[in-house]
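Heads up, the thing below is written out as structure tokens.
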Number of protein chains: 2
Amino acid sequence: MRRQSKQLPDSDRLLAPSGAVENLLRDAGLRPTFQRVALGAILFANGDRHVTAEMLYHEAVQTKVPVSLATIYNTLHKFAEAGLLRQVMVAGSTAHFDTNTSNHSHFFVAKANLLLDIPGPEVVLDKMPRAPDGYEFVRADIVVRLKRKDG
Amino acid sequence: MRRQSKQLPDSDRLLAPSGAVENLLRDAGLRPTFQRVALGAILFANGDRHVTAEMLYHEAVQTKVPVSLATIYNTLHKFAEAGLLRQVMVAGSTAHFDTNTSNHSHFFVAKANLLLDIPGPEVVLDKMPRAPDGYEFVRADIVVRLKRKDG
DNA sequence: ATTTGTGCAAATCGTTTGCATCTGA
DNA sequence: TCAGATGCAAACGATTTGCACAAAT
């Protein structure tokens with residue numbers, strides 16, 4: 001069923017319906033501009049995904065969405081602020097964003113810059129440590145680093 | 001007992017004895033150059049510490065150790081390669097290095113760029129997830145993010 | 001009409017690299 | 001002697017910023 005894209009940005013591809021995305025954004029208190037709706041359609045179409053700014057930018061360009069890299073960064077941060085995305089700080093320079101905003105852990109393959117959700121509640125902390133005096137708990141991040149079996 | 005430093009880089013301050021550091025480096029297969037010994041003295045003097053390149057650089061400059069930032073980066077990576085340090089990828093742009101190379105978790109205060117060991121085996125994973133086919137486990141990193149109680 | 005978002009290019013930050021020069025074994 | 005280290009400055013990649021213009025309420 002998945003034919004090649006034929007310059008039809010809003011059809012012929014697995015994108016979320018623009019109307020739905022518009023509401024999503026409005027409900028999150030964000031102005032549904034053209035680029036935000038288009039990026040939202042890319043991001044929230046199918047199940048959960050992980051993107052970097054660069055990845056989303058390329059995807060947008062391929063989908064003929066007129067958008068600049070600066071706006072990609074802007075949008076990713078706004079979405080994250082609004083709770084539509086979760087920023088995953090896994091390592092190194094590049095920031096990853098996850099459309100799965102629930103509390104879960106990640107696999108990360110450094111060489112491939114590949115980020116994956118760990119399915120289910122398989123990884124859990126045994127005990128929560130108590131925060132030192134003067135500080136309060138924000139969140140526990142668990143990253144299980146992997147490498148290819150050969151490499 | 002701790003008087004002010006008086007331009008006496010190798011005394012009058014809690015530094016590891018150079019001889020000991022030299023042996024440490026030699027045993028790790030690293031040439032004990034002047035800067036490496038000096039940086040090693042700073043790093044391995046007292047208990048466990050965490051440094052960024054920038055932090056170590058400033059400390060070195062203050063201690064009148066002639067060293068360039070490039071060499072700091074170089075040295076930190078060589079030390080890490082040799083198992084004398086562990087690189088902690090906690091977030092964002094800056095790399096942290098930990099003189100505690102044992103398997104343990106961290107607290108991290110983003111605003112202050114402050115990294116702390118979580119004492120003892122307080123935080124442990126309940127279950128290890130099995131790696132997806134084709135991949136193998138490298139290591140699980142646990143970072144408990146904190147913020148100041150007021151801020 | 002006013003606020004908010006966008007695009008571009010320049011600026012920034014942490015880090016790496018190329019290369020000539022020094023240094024330790 | 002000579003591989004390996006150092007320092008400097010330039011190069012780098014990801015991200016951010018300043019500002020003029022455009023779009024949404």
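Each chain gets a letter, A, B and so on, in the order its sequence line appears, and its residues count up from 1.
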Expected list for residues 69-83 of chain B: side-chain donor-acceptor pairs under 3.5 angstrom, two or more places apart:
unit_1: Thr71(B); atom_1: OG1; unit_2: Ser68(B); atom_2: OG; d: 3.2
unit_1: Thr75(B); atom_1: OG1; unit_2: Thr71(B); atom_2: O; d: 2.7
unit_1: His77(B); atom_1: ND1; unit_2: Tyr73(B); atom_2: O; d: 3.2

Letter by letter from the 5' end, nucleotides 9-25 of chain D scores (B base, S sugar-phosphate only, - none; protein heavy atoms under 4.0 Å) -----SBBB------BS

Its 5'-most and 3'-most nucleotides having an atom under 4.0 Å from a non-hydrogen atom of chain A, DNA chain C is contacted over dT3(C) to dC8(C)

Can you see whether Tyr135(B) has Arg148(A) sitting over its ring - NZ or CZ less than 6.0 Å from the centre and within 45° of the normal?
yes

**Prompt:** Reckon Ser68(B) has a side-chain N or O less than 4.0 Å from the OP1 or OP2 of dC8(D)?
**Reply:** no

Which of Gln87(B), Arg86(B), His104(B), Arg49(B) passes side-chain hydrogen bond (donor to acceptor under 3.5 Å, both in side chains) with Asp98(B)? It is His104(B)

When rounded to whole Å, the CD1 to C1' distance for the pair Ile72(B) and dC8(D) reads 15 Å

ask   = Any sub-3.5 Å donor-acceptor pair from His58(B)'s side-chain atoms to Leu56(B)'s backbone N or O?
value = no

Kindly say whether Pro119(B) contributes a backbone atom to a donor-acceptor pair with the side chain of Asp117(B) at under 3.5 angstrom? no

For Phe108(B), the hydrophobic cluster (side chain heavy atoms closer than 4.5 Å, chained through members) also holds Val88(B), Val90(B), Leu115(B), Val143(B)

Shared ILVMFWY cluster between Ile142(B) and Val138(A), side chains joined below 4.5 angstrom?
-> no

Applying the Watson-Crick and G-U criteria (both distances under 3.5 angstrom) with [ ] for crossing and | for other-strand pairs, one obtains for DNA chain C ||||||||||.|||.||||||||||

- Item | Test of ring centre spacing under 6.0 Å for His106(B) and His96(B) | no

Between the CZ atom in Phe107(B) and the CD1 atom in Ile118(B), the distance rounded to the nearest 0.5 Å is 4.0 Å

Mind listing the side-chain donor-acceptor pairs of residues 35-43 of chain B below 3.5 Å, one per line with the distance, residues two or more places apart or on another chain?
unit_1: Gln35(B); atom_1: NE2; unit_2: Pro66(B); atom_2: O; d: 3.2
unit_1: Arg36(B); atom_1: NH1; unit_2: Arg31(B); atom_2: O; d: 3.1

